[in-house]
Peer 1: 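Questions regarding the structure given below will be posed in turn.
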Amino acid sequence: MAIFTNNLLLFSFLLFALGIFTRQENFAGNFLNALLLGQALNLFDLLVIDLIWWRHTQRVRFTGTENQPELYADPGKHISSFLRGIVMFLLVALIDGCLLSLF
């Protein structure tokens with residue numbers, strides 16, 4: 001839960017900073033901008049980084065997991081992370097949509 005909360009705060013700040021440049025007067029526009037950007041980032045992470053690159057490269061391994069390729073090869077682990085990301089970016093969009101509408 002601590003990792004989820006830290007990621008929520010980090011991405012809320014980052015998407016808020018990016019949202020300043022695309023800020024709109026209403027909540028719906030700010031919410032949709034933040035949601036689309038967050039979900040696009042989440043989808044890119046799943047498809048390109050996790051499923052294509054991370055699972056198939058032998059060069060990138062965390063210390064202590066060099067001899068445990070099953071930790072990286074299981075697509076279910078990456079898909080469950082993607083699903084948690086959907087929820088997180090929905091919350092980020094709600095937070096940023098409210099904050100950006102106030103200014």
Peer 1: Side-chain contact test, heavy atoms from C-beta onward, threshold under 4.5 Å: evaluate it for Leu47 versus Leu43 and give yes or no.
Peer 2: yes
Peer 1: What is the distance from atom CD1 of Ile3 to atom CG of Leu8, rounded to the nearest 0.5 Å?
Peer 2: 13.5 Å
Peer 1: To the nearest 0.5 Å, what is the distance between CG (Leu15) and CG (Leu36)?
Peer 2: 11.0 Å
Peer 1: Taking atom OG of Ser81 and atom CG of Leu46, what is their separation to the nearest 0.5 Å?
Peer 2: 8.0 Å
Peer 1: With rounding to the nearest 0.5 angstrom, report the CZ to CD1 distance, Phe44 to Ile52.
Peer 2: 9.0 Å
Peer 1: Assess whether atom CZ of Phe27 is packed by more than 12 heavy atoms of other residues, nucleotides or ligands within 6.0 Å.
Peer 2: yes
Peer 1: Supply the atom-to-atom distance Cys98 SG to Phe31 CZ, rounded to the nearest 0.5 angstrom.
Peer 2: 9.5 Å
Peer 1: Do any N or O atoms from the side chain of Asn42 and from the backbone of Phe82 form a donor-acceptor pair under 3.5 angstrom?
Peer 2: yes
Peer 1: When you look at Leu37 and Leu41, which way does the side-chain contact (heavy atoms from CB on, under 4.5 Å) test go after all the steps?
Peer 2: CA-CA 6 Å; Leu37 183 58; Leu41 178 64; 5.8 Å; no
Peer 1: Donor-acceptor pair, distance only, cut-off 3.5 Å: does the side chain of Asn30 make one with the backbone of Gln24?
Peer 2: yes
Peer 1: Looking only at heavy atoms, which two atoms of Asp96 and Ala34 are closest? And how far apart?
Peer 2: CB-CB, 4.3 Å
Peer 1: Has Gln39 got a side-chain atom pairing as donor or acceptor with Phe89's backbone, closer than 3.5 angstrom?
Peer 2: no
Peer 1: Just verifying a value: how many Å separate Phe16 CZ and Leu100 CG, rounded to the nearest 0.5 Å?
Peer 2: 5.0 Å
